[in-house]
Q: 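Pasting in a structure now, in structure tokens, and then I'll have a few things to ask.
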Amino acid sequence: MITTETEREALAQELRATFLFETFDDEQMMWLLDHTTVVTLFPGEQPIKENEPIEALWVLLSGAWRLTRTVAGQKVTLDTATVPGEWAGWLPMLDQRSTLGAQIVKPTRLLRIPQDGVRHMLAHGFPIINHLLAGLYGGIQNFEAQSRQQEKLAALGKMAAGLAHELNNPAAAARRAASTLRDSICAMQRRALDYDDRFGPAQREYLCSLHDQIVAQLRTETTLDPLARSGLEDDVTTWLDQHDVVDGWELAAALVNAGFDTTRLDELAAHFDGTTVNRAIGWLEPTITLLSLADEMEHSTRRISDLVSAMKSYSYMDQQGRQEVDIHKGIDDTLKVLHHKLKYGVEVERDFDPSVPRISAYGSELNQVWTNLIDNAIGAMDGKGRLGIRTSLDGTFIRVEVRDSGPGIPPEIIDRIWEPFFTTKAAGEGTGLGLETVRRIVTRHHHGEISVQSQPGNTCFEVCLPVDQG
């Protein structure tokens, strides 16, 4: 309760500093002080509970609260209020049960105005009515839009979960089949070699040993530079021609895939005479081809399984509310999802600080942040350039930098990039909502900050998130 005149004067001055009460005259302010109460609440307390009767209008004086709503079974943060004068609670034109919840996130002082007090101010034309009606209209529009978005995302998540399950089962079955096929090919080739009288016992033993080396080589995913591969194939073709191997140019690619160069071919030739070299290479070629096809099938199905796993992790399927989030894993999952845009010329440089801890956050929302920032960087570089992602722990904050080597953001528009619907992309290519969404998720839902610095060849978006999310 407000008990002394000094307290009343201090509170009146504090209230007039807010947009909600700045135009109250002295008589209106004195009436307000006589009919309201200042309440101090602490983290976890709820002045307004969803689906429960609303008892009063609450006005924020200092501190912060989080407005939430349950959508599709998940509690979603709609806004985090930190500005003195922001309000929520009872109005005569609202339902008697709240459709929102308000939870305190740090020690907070609130002005509690009972229902009768609100009715009196509205009936006697207190200037607060303009702010209440404007806030009610804008708030309902904003909350309903966010709720619809969350409902759509929830429905999409369920569909994606079902699709992921349906994709994962046949992919896993195909992967097992490819592995079994490779083993069967190996067994069949060895069995056939036992009865191949074209080779002597020592030669068959050598081919068995070579077969094992080829299997190991093919299972090692090595990528040759196109120029280096072309040079090797030319060298191998020349060697085969010199040893009178029929259609050597057709065999060269398969032999290079299996790790053969002219040195290894010389080693092979040392175990065979001029006639049997052709036979040995003729035996190797279909073996290499069959094993390569089996490994390609297994690699392709593994890629499907990895994408499904990344998508499930990226979208936080079957997880509600806040989770313990690994920032690095979220960024890696995002890079996997965007691999189809990165693989044509974007060089990704990761610099992850291992001391960065997990934080309690909305994982799928943070992944939207990384997706928008990385996708914008790829677009700025036109799909070719250097993308740098760096994380660091700075005291009680985690910093994430997304840097690209694109042409930069022109100084005349850099202050406008956060505006809703502002975009520099061609018509039909962008909505202008990506960075606005990023800023809302970072600042309102995770109490962080985001900034950008840009010059030609070096544009850096920096996201700063508090480790303690309250």
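All values below were derived from every heavy atom in this structure, side-chain atoms included, with hydrogens, water molecules and symmetry-related copies excluded.
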Q: Checking H243 side chain against V277 main chain: does a donor-acceptor pair fall under 3.5 Å?
A: no
Q: Taking the side chain as C-beta and beyond, is there a heavy-atom pair between R66 and H447 under 4.5 Å?
A: yes
Q: Under a 3.5 Å distance rule, please check whether E52 uses its side chain to pair with a backbone N or O of I48 as donor and acceptor.
A: no
Q: Strictly distance-based, threshold 3.5 Å: is any side-chain N or O of Q323 a donor or acceptor partner for the main-chain N or O of G363?
A: yes
Q: Give the minimum heavy-atom separation between H271 and Q203, together with the two atoms involved.
A: O-NE2, 3.2 Å
Q: Please tell me if the side chains of D261 and D235 come closer than 4.5 Å, counting only heavy atoms from C-beta onward.
A: no
Q: Could you tell me whether a side-chain N or O of S209 sits under 3.5 Å from a main-chain N or O of E205, the two making a donor and an acceptor?
A: no
Q: Could you go step by step and tell me if V402 and L387 meet the side chain to side chain contact (heavy atoms under 4.5 Å, CB included) rule?
A: CA-CA 7 Å; V402 179; L387 171 66; 4.0 Å; yes
Q: Considering non-hydrogen atoms only, spot the tightest contact between T459 and G408 and give its length.
A: OG1-CA, 3.3 Å
Q: Could you verify whether a donor N or O on one side chain and an acceptor N or O on the other, from W239 and D266, lie under 3.5 Å apart?
A: yes
Q: Begin from the C-alpha positions of K49 and Q46 and carry the test side chain to side chain contact (heavy atoms under 4.5 Å, CB included) through to its verdict.
A: CA-CA 6 Å; K49 295 182 179 180; Q46 295 178 274; 3.9 Å; yes
Q: Looking only at heavy atoms, what is the nearest atom pair of A88 and L67, with distance?
A: CB-CD2, 4.3 Å
Q: Any sub-3.5 Å donor-acceptor pair from T391's side-chain atoms to D353's backbone N or O?
A: yes
Q: Got I389 and F352 here, is their nearest side-chain heavy-atom distance under 4.5 Å?
A: yes
Q: If we only count heavy atoms from C-beta on, is the H211 to Y206 side-chain gap below 4.5 Å?
A: no
Q: Are side-chain heavy atoms of V356 and S392 found at a separation under 4.5 Å?
A: no
Q: For A178 and A294, which heavy atoms make the closest approach, and how far apart are they?
A: CB-O, 3.7 Å
Q: Assess whether a salt bridge exists between K341 and D375, defined as any Lys/Arg side-chain N lying under 4.0 Å from an Asp/Glu carboxylate O.
A: yes
Q: Minimum heavy-atom separation for L240 and A252, please, with both atom names.
A: CD1-N, 4.3 Å
Q: Would W418 and I450 count as a side chain to side chain contact (heavy atoms under 4.5 Å, CB included) here? Give the steps.
A: CA-CA 10 Å; W418 312 106; I450 183 168; 3.7 Å; yes
Q: Is the shortest distance from a Lys or Arg side-chain nitrogen in K336 or D332 to a carboxylate oxygen in the other one below 4.0 Å?
A: no
Q: Starting from the C-alpha separation in whole Å, work towards a yes-or-no answer on side chain to side chain donor-acceptor pair (under 3.5 Å) for T289 and E285.
A: CA-CA 6 Å; T289 300; E285 191 274 333; 3.1 Å; yes
Q: Can you say whether the rings of F199 and F272 are parallel (under 30°), tilted (30 to 60°) or perpendicular (over 60°)?
A: perpendicular
Q: Around atom CD of Q453, are there more than 12 heavy atoms of other residues, nucleotides or ligands at under 6.0 Å?
A: no
Q: Please confirm whether the backbone N or O of F19 pairs with a side-chain atom of H131, one donor and one acceptor, at under 3.5 Å?
A: yes
Q: Is the shortest heavy-atom distance from the side chain of I185 to the side chain of L181 under 4.5 Å?
A: yes
Q: Less than 4.5 Å apart, any side-chain heavy atom of L60 and any of T108?
A: yes
Q: Side-chain contact, heavy-atom cut-off 4.5 Å: N376 with F461?
A: no
Q: Determine the minimum heavy-atom distance between E401 and C460, stating which atoms define it.
A: CB-SG, 3.9 Å
